[in-house]
There are 2 protein chains.
Amino acid sequence: MRKKNSTNWINEKKITANCGMGYTLNLIGGRWKAGILWAIVEKGTLRFSEIRDQLSGISERMLAKQLDELEEDELINRIVYPEVPPRVEYELTKLGVSMRPMLQQMSEWGEMHQKQTEEAAQ
Amino acid sequence: MRKKNSTNWINEKKITANCGMGYTLNLIGGRWKAGILWAIVEKGTLRFSEIRDQLSGISERMLAKQLDELEEDELINRIVYPEVPPRVEYELTKLGVSMRPMLQQMSEWGEMHQKQTEEAAQ
DNA sequence: ATAACTCCTTACAATTTTGTAAGTTTTGGC
DNA sequence: GCCAAAACTTACAAAATTGTAAGGAGTTAT
């Protein structure tokens with residue numbers, strides 16, 4: 001998957017290591033993670049299929065991957081109910097919860113700027 | 001460059017359009033932008049070469065590209081001094097400045113979590 | 001016996017991002 | 001004339017991310 005000797009990888013490490021923002025972006029960057037996190041923040045707990053249906057456009061492969069990474073980074077917990085058919089729920093960890101104000105500010109800034117840009121475009 | 005009919009592109013648009021956070025991440029995401037912005041925030045104004053030297057690892061091609069995009073998104077201003085050899089300075093726009101608290105929070109959260117993770121790893 | 005359900009996996013392909021190396025431009029100093 | 005300086009461009013290549021399509025496991029409903 002990832003080549004640990006590519007400049008690409010080295011640069012990522014460097015940035016993640018000495019810049020708080022780089023670190024943050026590494027965790028929540030990419031196309032889907034912010035949305036997933038945001039959905040879970042709002043509802044408290046969500047099943048795989050619920051997230052999939054909420055983020056229109058995401059494929060199951062992508063969702064599974066993103067969830068894996070978020071779990072790996074300890075931002076969410078994965079709770080498996082041994083039922084058939086299976087049920088799996090995702091919730092924020094303590095660390096995930098601690099992101100909430102930051103996520104909110106990012107979301108709000110985005111909405112504000114978005115609105116301004118739309119107005120300016122008219 | 002970008003295929004406007006790829007699912008990839010459509011998904012990006014979708015997310016950017018209906019989620020403030022997606023919008024925000026679209027502007028400051030990626031490997032370099034946050035660092036560039038942060039450097040400019042700290043110093044007020046920076047030359048191309050100063051940014052290049054500050055972000056160890058970035059190539060000139062990457063820096064030029066990122067600066068282009070940041071300018072396009074109206075987060076920074078590009079000021080050209082018609083001298084030889086040329087001098088170009090970059091500063092935040094009003095919009096760029098408005099990101100400051102958000103960037104700060106992202107940076108702080110990152111530093112905090114980073115520290116915690118390091119401690120936990122020992 | 002077959003289908004259905006949920007939450008994934010796998011193999012593969014397309015797209016996008018990132019990086020490398022080498023120019024280019026303009027003018028002034030040697 | 002030749003080189004240097006700063007800020008890019010260009011052509012190319014590597015790597016990473018994202019997407020498509022299909023399958024699988026294990027039980028219960030039909």
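Order of the sequence lines sets the chain letters (A, B, ...), proteins ahead of strands, with each chain counted from 1.
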Distance in angstrom units between K65(A) NZ and dC12(C) C1', rounded: 13 Å
Tell me: CG of L67(B) to P of dA6(D), nearest whole Å? 17 Å
Please tell me if the side chains of W109(B) and L95(A) come closer than 4.5 Å, counting only heavy atoms from C-beta onward. yes
Taking only N and O in the side chain of W9(A), is any of them less than 4.0 Å away from OP1 or OP2 of dA14(D)? no
Report yes if a side-chain nitrogen or oxygen of S6(A) is closer than 4.0 Å to either non-bridging phosphate oxygen (OP1 or OP2) of dT18(C); otherwise report no. no
Whole angstroms only, please: what is the CD1-C1' distance between I51(A) and dC8(C)? 13 Å
Which part of the nucleic acid does R47(A) contact within heavy-atom distance under 4.0 Å: base, sugar-phosphate only, or nothing? sugar-phosphate
Does the side chain of T7(B) get closer than 4.0 angstrom to OP1 or OP2 of dT15(C) through an N or O atom? no
Geometric class of the Y23(A)/H113(B) ring pair [parallel <30°, tilted 30-60°, perpendicular >60°]: perpendicular
Which part of the nucleic acid, if any, lies within contact of S59(A), taking any heavy atom under 4.0 Å across all strands shown: a base, the sugar-phosphate backbone alone, or nothing? base
What's the closest nucleotide to the M62(B) side chain, out of dT26(C), dT18(C), dG19(D)? dT18(C)
Select one nucleotide: of dT9(C), dC7(C), dT9(D), the one nearest the side-chain heavy atoms of V88(A). dC7(C)
Which listed nucleotide (dC8(D), dT6(C), dG19(D)) is nearest to the side chain of E60(B)? dC8(D)
Heavy-atom count check: over 12 atoms from other residues, nucleotides or ligands less than 6.0 Å from Q54(B) CD? yes
Go through dG19(D), dA7(D), dT18(C) for me and flag the one nearest to the N11(B) side chain. dG19(D)
Compare side-chain N and O positions of R78(A) against OP1 and OP2 of dC8(C) and report whether any pair is under 4.0 Å apart. yes
Give a yes or no on whether the backbone of L103(A) and the side-chain of S107(A) come within a donor-acceptor separation of less than 3.5 Å. no
Has R87(B) got a side-chain N or O lying under 4.0 Å from the OP1 or OP2 atom of dA5(D)? no
Closest to the R61(A) side chain, choosing from dG19(D), dC7(C), dA6(D): dG19(D)
Just N and O in the side chain of Y90(A): are any of them under 4.0 Å from OP1 or OP2 of dC7(C)? no
How would you label the contact of Y81(B) with the nucleic acid (heavy atoms, under 4.0 Å): base, sugar-phosphate, or nothing? nothing
Is it the case that atom CD in E72(A) sees more than 12 heavy atoms from other parts of the structure closer than 6.0 Å? no
Among dG19(D), dT6(C), dT18(C), which nucleotide has an atom closest to any side-chain atom of N8(B)? dG19(D)
Would you indicate which nucleotide in dG19(D), dG19(C), dT9(C) comes nearest to any side-chain atom of W32(B)? dG19(C)
Contact check, side chains of L25(B) and M106(A), non-hydrogen atoms, under 4.5 Å: yes
Starting at CD1 of I58(B) and ending at C1' of dG19(C), how long is that distance when rounded to a whole Å? 11 Å
Check every atom of dA21(C), dA6(D), dC5(C) against the side chain of P86(B) and return the nucleotide holding the closest atom. dA6(D)
